Amino acid sequence: MESGAIPLESVGPFDLQATVESGQTYLWDRADGNMYETTSAHGGDHWYETVVPPIAGVTDERAVVRVRQTDGLLEWESTTDAVPILTHLLRLDDDLDAILGATPDLPLLNRAYEEYRGMRLVRDPPFPCLISFICSAQMRVSRIHGMQMRMAEQFGDPVEFDGRTLHAFPTAEQLAERTEEELRDLSLGYRAPYVQRTAEMVADGEADPAAVRGMEYEEAREYLTRFVGVGDKVADCVLLFSLDFLEAVPLDTWIRTAIADHYPECDAGGYAETSRAIRERFGGEYAGYAQTYVFYYLRAGGE
DNA sequence: GCCCAGGAAGGGG
DNA sequence: CCCCTTCATGGG
């Protein structure tokens, strides 16, 4: 086992708990088993862990990463050097101060950014992210997380680390081999056939979420809707939380409420038109950052 | 019991 | 193209 610590003065503002428990990613687990339950200010001091698939240019091998935030440090334990992996997954390479500087001066955005200062977007691996958000339809955050954990435990490879057995998220091939019935047994409900058929599409090489790299934003969103269970909203989540389209603004129930209450002129009827309007209102290039702060802020009870 | 949760598919107009 | 209904499941 390797271990180390990343000094946060080299990273800028960072809040691990807000980043991992804000409903962007469902692939991390809290070692104390209390995911989404107890919250504390700035960082949280809890250990989080995940099994990372090989990522080109980041890690050649599958890795286990465990991380916690203490004052001024991001402490980690891993099967390998976790610095490039954490930098990739938690977007430590984003210049958050510059992003805030490019964000329009709107009261709602100011309150949300103030409340969760340091929260980053995540950069999830594409296939697990795609499956996670197919599962997110009409479902609470904690239950989406439970579904991903059960799929990993039941269908993913076991990985030994520090005397315990963790589980990698299943590959497309592993999920495609499962039946709709087996997925329903994990309480996926009507999402079970969506997950199964999308996994088949990826496993068969019929389509690949990573194929959108280099596409123009709306073209990329349109591409992702070919997957079963993926409409405009889920496509935007995958673009934002996995594929580096920071301008993507997923129009979920919370952001639609925010539009109705704060920016009614942005409600242009259809998804594409409303998306363009709120994207422009939130500053364009980093509009997805603003959306994610607003989502977490409103869901936690802010106004 | 009722209502809701980071929606999407399938049908009809 | 837009509008409507249906689709599981668990927690409040």
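Order of the sequence lines fixes the chain letters, A, B, ..., with proteins taken first and strands second; residue numbering starts at 1 for each chain. Quick caveat: nothing in here was measured; it's all calculated off a predicted structure.
A 6.0 Å sphere centred on CD of A:Glu265 holds more than 12 heavy atoms belonging to other residues, nucleotides or ligands. For A:Asp60, the CG atom sits in a loose shell: 12 or fewer heavy atoms of surrounding residues, nucleotides or ligands are nearer than 6.0 Å.
Rounded to whole Å, the distance from CZ on A:Arg197 to P on B:dA8 is 15 Å. In this structure, the CD1 atom of A:Ile144 is 18 Å from the P atom of B:dC4, given to the nearest Å. Look at CZ on A:Arg256: it is 10 Å from P on B:dG7, rounded to the nearest Å. Spacing between atom CG of A:Leu188 and atom P of C:dT9 amounts to 10 Å, rounded to whole angstrom units. Residue A:Arg140 contributes atom CZ, which lies 15 Å from atom C1' of B:dG7 at whole-angstrom precision. As rounded to whole Å, 17 Å separates atom C1' of C:dG10 from atom NE2 of A:His145. Rounded to a whole Å, the CZ atom of A:Arg191 is 13 Å from the P atom of B:dA9. Regarding A:Phe295, its CZ atom lies at a distance of 10 Å from the C1' atom of B:dA5, rounded to whole Å.
Screening A:Pro250, A:Pro126, A:Cys129 against A:Val238 for a side-chain contact (heavy atoms from CB on, under 4.5 Å) leaves a single residue, A:Cys129. Tested against A:Tyr297, the residues A:Glu303, A:Glu114, A:Arg111, A:Met119 include a single side-chain contact (heavy atoms from CB on, under 4.5 Å) partner, A:Arg111.
Comparing the P positions of C:dA8 and B:dG11 gives a spacing of 15 Å, expressed to the nearest Å. Comparing C:dT5 with B:dC3, their P atoms are spaced 15 Å from each other, to the whole Å. If you take atom P in B:dG13 and the same atom in C:dT6, they sit 15 Å apart, rounded to whole Å.
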Stepwise ring-ring contact (aromatic ring centres under 6.0 Å, His included) test for A:Tyr116 and A:Phe295: CA-CA 11 Å; A:Tyr116 298 109; A:Phe295 168 82; over 10 Å; no
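Base pairing in DNA chain C yields stems of at least 3 consecutive Watson-Crick or G-U pairs, both distances under 3.5 Å, namely B:2-5 with C:9-12, B:7-12 with C:2-7.
Heavy-atom distances to DNA chain B give each of A:Val228 and A:Met139 a nearest nucleotide, and the one nearer the 5′ end belongs to A:Met139.
Put simply, A:Ser136 has no side-chain N or O that comes within less than 4.0 Å of OP1 or OP2 on B:dG7. Within the 4.0 Å cut-off from OP1 or OP2 of B:dG7, at least one side-chain nitrogen or oxygen of A:Gln138 is found.
Residue contacts for A:Phe227: at a heavy-atom cut-off of 4.0 Å it reaches the sugar-phosphate backbone alone, with no base atom in range. Within the 4.0 angstrom heavy-atom criterion, only backbone atoms of the sugar-phosphate kind lie near A:Arg184; the bases stay farther away. When heavy atoms are screened at a 4.0 angstrom cut-off, A:Gly23 is found touching base atoms of the nucleic acid.
Ring pair A:Phe133/A:Phe241: centre-to-centre distance below 6.0 Å.
Both A:Leu86 and A:Tyr26 are part of a single hydrophobic cluster, where members link through side-chain heavy atoms under 4.5 Å apart.
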